[in-house]
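The structure appears below as structure tokens.
Whatever order the structure lists them in is the order used to number ligands and atoms, beginning at 1.
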Amino acid sequence: MTEILQQQCAFHLRNANISYVMRLVNGETLMHAYFGKRLGEVRGDVLRRFAAVPEEAFDRNEFRLDRLPQEYPASGYGDLRAGALAVRGEDGVDALALRYVRHAVRDGKPALNGLPATHDETGRCKTLCVTLEDRRLALECDLYYTVFDDCDAIARHVVLRNTGRQILSVDRVMSACVDFHSARGQLLTLSGAWARERRMDWRPLAQGRQGVDSVRGASSAQSSPFMLLAEHGAAEDVGEVYAFALAYSGNFTANVTVDQYGGARAMIGLNDAQFDWQLLPGESFTTPEAVLVYAADGLGGMSRAWHTLCHRHVTRGRYAGAQRPILLNNWEATYFDFTEEKLLALAGKAAQIGVELFVLDDGWFGRRDTDTASLGDWVEDPRKLPEGLAGFSERIRALGLRFGLWMEPEMVSPDSDLYRAHPDWCLHAPGMPRLTGRNQLVLDMGRADVQAFVYEAVAGALTRAKADYLKWDMNRNFSPAATAALPPARQRETAHRYMLGLYAVLERLNKAFPDVLFESCASGGGRFDLGMLYYMPQTWCSDNTDAHDRCLIQYGTSLVFPPSAMGAHISAVPNHQTGRVTALETRSAVAMGGTYGFELDLTRMDEAELDRMRALLAQVKSVRDTLLYGQYIRLWNPFEGRGAAWMSVSACGAQAVVTAVRFRAAVNGGPEVLRLRGLESDALYAVRGTDLIVGGDELMNLGLPLHFAAGDDTAFTAVLERVGG
Ligand code: GLA
């Protein structure tokens with residue numbers, strides 16, 4: 001049950017497991033008091049003692065805010081740490097004095113104007129809105145907090161309102177800030193690069209500022225809009241963890257500053273680098289939504305809260321909580337070099353092994369034989385598809401497959417009819433040569449005319465193809481983030497206006513094509529965030545399809561995102577990115593950690609190999625609900641070197657699927673055993689395909705014996721069915 005209580009001048013938000021408390025001092029200053037395990041009653045006397053100086057000092061105009069935890073600190077007036085909000089009026093002074101003016105509690109979860117956000121259909125969550133004001137600037141600031149009933153998460157965002165007569169410059173506006181009384185041991189972020197996404201980076205907290213951010217125009221492969229603070233010794237099953245994520249796909253910052261007294265200020269929101277926003281009289285500004293998760297039981301508990309949040313409160317539409325089609329994508333099978341005949345042969349083999357959806361990737365439009373041309377010209381290339389998308393998709397459907405399509409709608413090639421017609425439609429700065437990345441420019445999604453074009457181009461292609469699926473790609477970053485559509489003083493609004501434009505188009509497409517499954521992609525996992533997940537329930541996890549490397553990428557990704565969100569395919573060996581050769585069984589086992597699919601030329605496989613694929617695919621189909629929506633438990637951390645192991649337990653506990661990948665062959669080693677978790681101690685489980693019946697207590701304490709084939713990177717999978725107990 002969710003509650004928002006007012007006790008002892010404090011606002012106390014809680015559900016069955018967590019509490020979040022803030023407190024009004026002297027009737028006007030909003031202090032942060034507590035975030036963590038659920039509290040009973042909040043007693044003001046205890047809270048008061050957390051202040052490093054007596055609160056009475058406020059009355060004497062000393063700059064004491066510096067020594068007290070703030071709920072939403074503004075910069076420049078009494079608190080000497082970096083604030084969550086920085087706004088200047090026409091006098092240019094960078095100082096705000098935020099004071100409480102009112103609050104309201106309401107049932108349910110509000111939507112955010114033009115932005116992706118968590119939603120709630122349980123009818124059991126509540127929202128608190130506390131309004132602060134800076135009287136000098138006539139700036140109101142609404143702080144929103146929603147606590148969920150079915151996962152230990154709190155959603156926060158901020159709305160700024162200019163109620164005065166002057167133009168305000170918003171230099172920084174964080175979505176959430178938490179002032180911890182004392183720094184929690186370590187910071188974990190998910191960092192990486194193209195094809196090496198979401199590596200787990202631990203670092204000890206030390207005085208000063210640390211964190212991750214992006215100014216690339218996308219949340220990025222280099223750093224995810226996520227961080228967690230964990231006490232020393234926290235691990236998969238133990239330790240307090242405080243996690244922060246942003247439902248936003250553009251420039252962000254997530255950072256923590258440890259102050260001189262050992263307190264830690266954690267903030268997440270829009271990156272203030274390359275950002276400021278003019279707020280005109282009467283206008284308001286809504287920040288992206290931040291979500292905070294608290295877990296008392298380590299990273300595992302934290303991830304299960306995120307996964308529940310993703311399944312129930314982020315993804316929407318027909319595919320939320322639903323099975324995902326097993327697809328074959330032609331990219332690594334053909335790249336740009338295909339004809340309709342070649343694709344149909346590939347699709348024929350796909351249908352034969354049990355694939356459900358055929359996805360036509362890059363190269364079907366304009367004259368796109370390489371990546372140097374035609375983005376923006378979303379018209380079928382008659383050399384490759386003589387009867388267009390309509391005719392081709394008909395043939396695919398005749399094979400018993402559904403049909404999906406790749407597009408990269410936010411981009412334009414300099415060599416395209418679109419660019420020749422609208423050279424101003426891309427992000428660019430006057431007097432500077434236009435920088436290309438992968439030979440392309442970024443369309444300026446902040447412009448209404450570009451939004452209309454992109455919507456029509458995508459809607460047209462989906463309609464012609466009667467598509468069941470769209471892979472929405474985005475393959476370069478912004479540089480510079482400048483636009484012909486805004487005056488000089490507003491250039492630093494470009495990147496955020498781009499995101500608002502993109503979200504508006506995605507929202508329209510979601511509404512117009514409710515049956516289409518959207519998969520997001522940005523050179524693989526370069527825009528894997530809660531914002532994209534709101535519009536597109538799955539994301540292509542990485543362009544690196546190597547099974548070994550995927551163990552690490554998917555493990556890091558699983559900290560926040562469930563398998564249902566992670567696109568994962570079986571690809572060819574030697575792998576096209578790494579040259580590594582792994583067994584088909586390993587590639588299949590790793591793809592089972594995500595949505596499962598294929599991305600290789602099946603026409604080159606012999607019948608024996610196709611038979612093995614058919615059998616593996618049939619096994620996946622028999623457990624796919626458990627794989628996608630079961631409780632996901634990490635067992636071996638691949639970053640520690642031995643291998644990767646994880647399991648999923650179905651919602652009712654009747655089935656579990658266990659996967660382990662051993663990285664290095666071991667000659668003459670001892671028996672390998674995997675201790676499972678999440679089972680019922682008293683229940684008995686049959687191991688599918690064997691005559692073994694084992695107790696849950698045995699599996700969790702003694703462990704499941706593993707059998708690996710010879711060779712590096714070999715996999716073991718087991719399906720357990722509860723048979724009694
Ligand atoms: C990106 C994607 C790939 C593929 C290519 C096509 O790199 O991540 O999966 O779609 O574009 O050009």
Side-chain angles (χ1 to χ4, degrees), residues 192-198 216-222 249 327-338 343 346 357-378 381 384 403-416 436-443 458 461 465 467 469-477 517-529 532 536 538-547 549-550 553-554 557 565-572 575-578 587 591 594-601:
W194 172 78
R196 279 189 281 114
E197 295 91 343
R198 288 170 295 285
R216 295 168 168 267
S219 48
S220 88
Q222 288 70 17
S249 318
L327 63 83
L328 178 132
N329 177 305
N330 75 307
W331 178 241
E332 288 197 11
T334 66
Y335 297 101
F336 295 106
D337 181 19
F338 58 81
L343 294 177
L346 180 60
L357 168 76
F358 179 85
V359 178
L360 175 56
D361 209 278
D362 197 355
W364 56 266
F365 50 90
R367 285 188 81 82
R368 180 105 168 143
D369 297 329
T370 64
D371 63 13
T372 56
S374 296
L375 290 173
D377 297 345
W378 300 108
D381 180 347
K384 295 182 182 170
F403 182 70
L405 197 61
W406 176 97
M407 293 181 80
E408 196 180 350
E410 299 160 66
M411 296 292 151
V412 61
S413 306
D415 180 6
S416 66
T436 53
R438 205 194 188 203
N439 310 301
Q440 61 201 49
L441 295 160
V442 185
L443 284 176
V458 177
Y469 164 103
L470 180 74
K471 177 176 169 189
W472 180 295
D473 208 344
M474 195 288 237
N475 286 319
R476 69 154 282 183
N477 292 132
L517 170 62
F518 289 84
E519 178 156 346
S520 148
C521 175
S523 304
R527 206 163 56 178
F528 205 143
D529 54 69
M532 277 297 146
M536 313 204 218
Q538 56 195 56
T539 297
W540 178 228
C541 209
S542 177
D543 275 352
N544 186 342
T545 60
D546 174 84
D549 285 3
R550 275 294 187 117
I553 295 167
Q554 292 175 197
T557 306
M566 284 189 235
H569 302 165
I570 295 173
S571 62
N575 178 268
H576 291 192
Q577 293 81 41
T578 63
R587 286 174 278 150
T595 54
Y596 205 82
F598 295 82
E599 185 149 344
L600 76 176
D601 189 354

**OP:** Report yes if the distance between the aromatic ring centroids of W331 and F336 is under 6.0 Å, otherwise no.
**Re:** yes

Using only heavy-atom distances, determine whether the side chains of [X] and [Y] contain a donor-acceptor pair under 3.5 Å.
{"X": "Q440", "Y": "N475", "answer": "no"}
{"X": "N575", "Y": "T545", "answer": "yes"}
{"X": "D529", "Y": "S249", "answer": "yes"}

Residues at least two apart in sequence or cross-chain that pass salt bridge (Lys or Arg N to Asp or Glu O under 4.0 Å) with D377, listed by chain then number, are none

Contacts for ligand 1, heavy atom under 4.0 Å, by chain and number, are W331, D361, D362, W406, R438, K471, D473, N475, C521, S523, G524, W540, D543

Would you call K471 and D362 a salt bridge, using N to O less than 4.0 angstrom? no

